[in-house]
Structures are given as structure tokens and as C-alpha cells.
J.: 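First, the structure itself, so that you have it in front of you.
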Amino acid sequence: QVQLVESGGGLVQPGGSLRLSCAASGFFLDYYAIGWFRQAPGKEREGVSCISSSDRSTYYADSVKGRFTISRDNAKNTVYLQMNSLKPEDTAVYYCASYDLVRSGFVCNDKPPSYGVDIWGKGTLVTVSL
């Protein structure tokens, strides 16, 4: 099987923290750039963070910079998104997506695009509310 599976979502109060996981199976995640996206109710999916495969560059959208941290553990074939100081506007379904370095040429030097994605995860819901 070739897939990405997100986990770690849930209900959290404003100011709280969550750590999302993106686990790959069927391929080695360290050979791909990985982007995190989110889709809030009634809105389009947007890229919020990315981590590269080889050079380990990272990208954060202005809306999450300073609050979110992306990282990877190649031994576990997993990419993480640590989310701190959560706000109600962070409420969304969060998705991870993979980019093949050769095919896409994307190295996380900019906001991850919705096009050029090899594999989408099915998402995990994050709800920030009192």
C-alpha cells in the first residue's frame, strides 16, 4: 500500500497545543517533500507548512509562523506538525501531501501548492473552541 495517514487531531481550547502526525506507508518519506494543508468550513484548502526531502528546508504561512513547527523522523517514516498557541481560526481539517523531488522539483521554498501532489492523506480534524 502507498498512502499517507494523518493523526493527532481533536478538540482543544484556544491557547492549547496539538501535535499532528503524517505517517507514510509503502514508500520512504525522506525522499519526498511533505506539505501540510488545512481546509476550514466553507473555505478552500490552503497550504500552511512544508518540509523538504534532502536539504531539510521548511516553510510556514504567515498565519502560523512562530506558532507551528514542522519536523520529520525518518526512522519512523513520519512528519509532524507541532501546533502551539492555537486560535479558533485554526479550526480545520488538516491534510498532509507528498511531492516527488524529481517530478515536481518542489523543495519547500514557498507555500506548498495543491497541484503537483503525488499523494493526499484523508485528513484529521482540529477544532479550537471553548
Side-chain angles (χ1 to χ4, degrees):
Q1 298 180 13
V2 178
Q3 62 180 359
L4 297 173
V5 179
E6 304 95 335
S7 62
L11 175 64
V12 64
Q13 294 183 0
S17 298
L18 287 173
R19 189 179 74 162
L20 305 184
S21 298
C22 175
S25 62
F27 67 102
F28 294 109
L29 201 57
D30 54 313
Y31 300 141
Y32 295 80
I34 301 297
W36 280 100
F37 297 76
R38 66 185 182 187
Q39 187 166 19
K43 296 185 178 180
E44 298 296 321
R45 191 173 300 186
E46 62 173 350
V48 297
S49 188
C50 188
I51 186 166
S52 66
S53 57
S54 58
D55 61 7
R56 303 301 171 91
S57 297
T58 58
Y59 172 86
Y60 301 95
D62 289 341
S63 59
V64 306
K65 188 175 296 183
R67 300 188 297 119
F68 291 10
T69 302
I70 192 169
S71 63
R72 67 195 310 151
D73 186 336
N74 291 336
K76 296 182 178 179
N77 213 23
T78 301
V79 169
Y80 303 97
L81 185 67
Q82 178 68 44
M83 306 186 298
N84 299 326
S85 302
L86 284 163
K87 306 174 181 179
E89 52 263 43
D90 295 319
T91 295
V93 177
Y94 284 73
Y95 303 86
C96 63
S98 62
Y99 301 85
D100 180 83
L101 180 62
V102 176
R103 290 168 53 188
S104 72
F106 184 61
V107 292
C108 295
N109 59 333
D110 203 350
K111 179 177 291 187
S114 296
Y115 56 85
V117 172
D118 288 319
I119 303 172
W120 285 100
K122 294 184 177 181
T124 184
L125 176 63
V126 172
T127 303
V128 185
S129 180
L130 294 172

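What you see is a predicted model; the values in this text were computed from it and never measured.
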J.: Distance check, rounded to the nearest 0.5 Å: I51 atom CD1 versus C96 atom SG?
T.: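 Taking CD1 in I51 and SG in C96, the distance rounds to 12.5 Å.
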J.: Can you list every salt bridge (Lys or Arg N to Asp or Glu O under 4.0 Å) pair that touches residues 90-115, not counting sequence neighbours?
T.: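 Salt bridge (Lys or Arg N to Asp or Glu O under 4.0 Å) check on residues 90-115 returns R38-D90, R67-D90, R103-D118.
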J.: Would you check if T69 and Y60 make a side-chain contact, meaning some heavy-atom pair closer than 4.5 Å?
T.: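 Side-chain contact under 4.5 Å: yes.
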J.: Report yes or no: does Q82 contribute a side-chain atom to a donor-acceptor pair with the main-chain N or O of R19 at less than 3.5 Å?
T.: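 Not at all, since once roles are kept as given, no pair shorter than 3.5 Å links the two residues.
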J.: Going from CD on E46 to OG on S63, what distance comes out if it is rounded to the nearest 0.5 angstrom?
T.: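 Going from the CD atom of E46 to the OG atom of S63 covers 5.5 Å.
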J.: Which atom pair, heavy atoms only, marks the closest approach of S17 to V12?
T.: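 Result for this residue pair: N-CG2, 3.9 Å.
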J.: Taking everything shown except E89 itself, do over 12 heavy atoms lie less than 6.0 Å from its CD?
T.: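 Enclosed: over 12 neighbouring heavy atoms sit under 6.0 Å from CD of E89.
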J.: Rounded to the nearest 0.5 Å, what separates atom CD1 in I34 from atom OG1 in T58?
T.: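 One gets 14.0 Å once the value is rounded to the nearest 0.5 Å.
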J.: Please check if Y59 and L81 belong to a single hydrophobic cluster, counting links between Ile, Leu, Val, Met, Phe, Trp and Tyr side chain heavy atoms closer than 4.5 Å.
T.: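 Different clusters: Y59 never reaches L81 through Ile, Leu, Val, Met, Phe, Trp or Tyr contacts under 4.5 Å.
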J.: Under 3.5 Å, side chain of Y99 to main-chain N/O of P113, donor-acceptor pair present?
T.: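 Yes.
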J.: Under a single-linkage definition using a 4.5 Å side-chain heavy-atom cutoff for Ile, Leu, Val, Met, Phe, Trp and Tyr, are V93 and W120 assigned to the same hydrophobic cluster?
T.: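 Yes; tracing contacts between hydrophobic side chains, which count when under 4.5 Å, links both residues.
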J.: Among residues at least two apart in sequence or on other chains, which ones pass side-chain contact (heavy atoms from CB on, under 4.5 Å) with K122?
T.: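 K122 satisfies side-chain contact (heavy atoms from CB on, under 4.5 Å) with no other residue.
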J.: Got a donor-acceptor contact below 3.5 angstrom from the T124 side chain to the Y94 backbone?
T.: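 It does not hold such a pair.
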J.: Evaluate the side-chain proximity of S98 to L4: yes if any heavy-atom separation is below 4.5 Å, no if none is.
T.: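 Side chain of L4 against side chain of S98, heavy atoms only: contact under 4.5 Å found.
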J.: Measure the shortest side-chain to side-chain distance between Y31 and N74 over non-hydrogen atoms and say whether it is less than 4.5 angstrom.
T.: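 Not touching, per the 4.5 Å side-chain cut-off.
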J.: With hydrophobic residues grouped by side-chain heavy-atom distances under 4.5 Å, do L125 and W36 end up in a single group?
T.: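 Unlinked, L125 and W36 end up in two clusters.
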J.: Looking only at heavy atoms, which two atoms of L29 and N77 are closest? And how far apart?
T.: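 Result for this residue pair: N-OD1, 2.7 Å.
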J.: What distance do T91 atom OG1 and L86 atom CG have between them, rounded to the nearest 0.5 Å?
T.: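 One finds 8.5 Å between OG1 of T91 and CG of L86.
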J.: What closest approach, in Å, do C108 and S52 show between heavy atoms, and which atom pair accounts for it?
T.: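 For C108 and S52, the tightest heavy-atom pair comes out as SG-N, 3.5 Å.
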J.: Flag yes if V2 and L101 sit in one hydrophobic cluster, no otherwise; membership is Ile, Leu, Val, Met, Phe, Trp, Tyr, and two members link when side-chain heavy atoms are under 4.5 Å apart.
T.: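 Not linked; separate clusters.
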J.: Would you kindly confirm whether F106 and Y32 end up in one hydrophobic cluster when ILVMFWY residues are joined by side chain heavy atoms under 4.5 Å apart?
T.: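 The answer is no; the residues belong to distinct hydrophobic clusters.
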J.: Atom OG in S53, atom CG in D30: separation rounded to 0.5 Å?
T.: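 That separation rounds to 8.0 Å.
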J.: Taking only residues two or more places apart in sequence, or in another chain, which ones meet T78 in a side-chain contact (heavy atoms from CB on, under 4.5 Å)?
T.: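 Only S21, A23, K76, Y80 meet the side-chain contact (heavy atoms from CB on, under 4.5 Å) criterion with T78.
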J.: Could you report the tightest heavy-atom contact between S49 and P112, atom names first, then the distance?
T.: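 Minimum heavy-atom contact is O-CG, 3.5 Å.
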J.: Kindly compute the distance separating OH (Y95) from CG (L20), expressed to the nearest 0.5 Å.
T.: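 Going from OH on Y95 over to CG on L20, the span is 12.5 Å.
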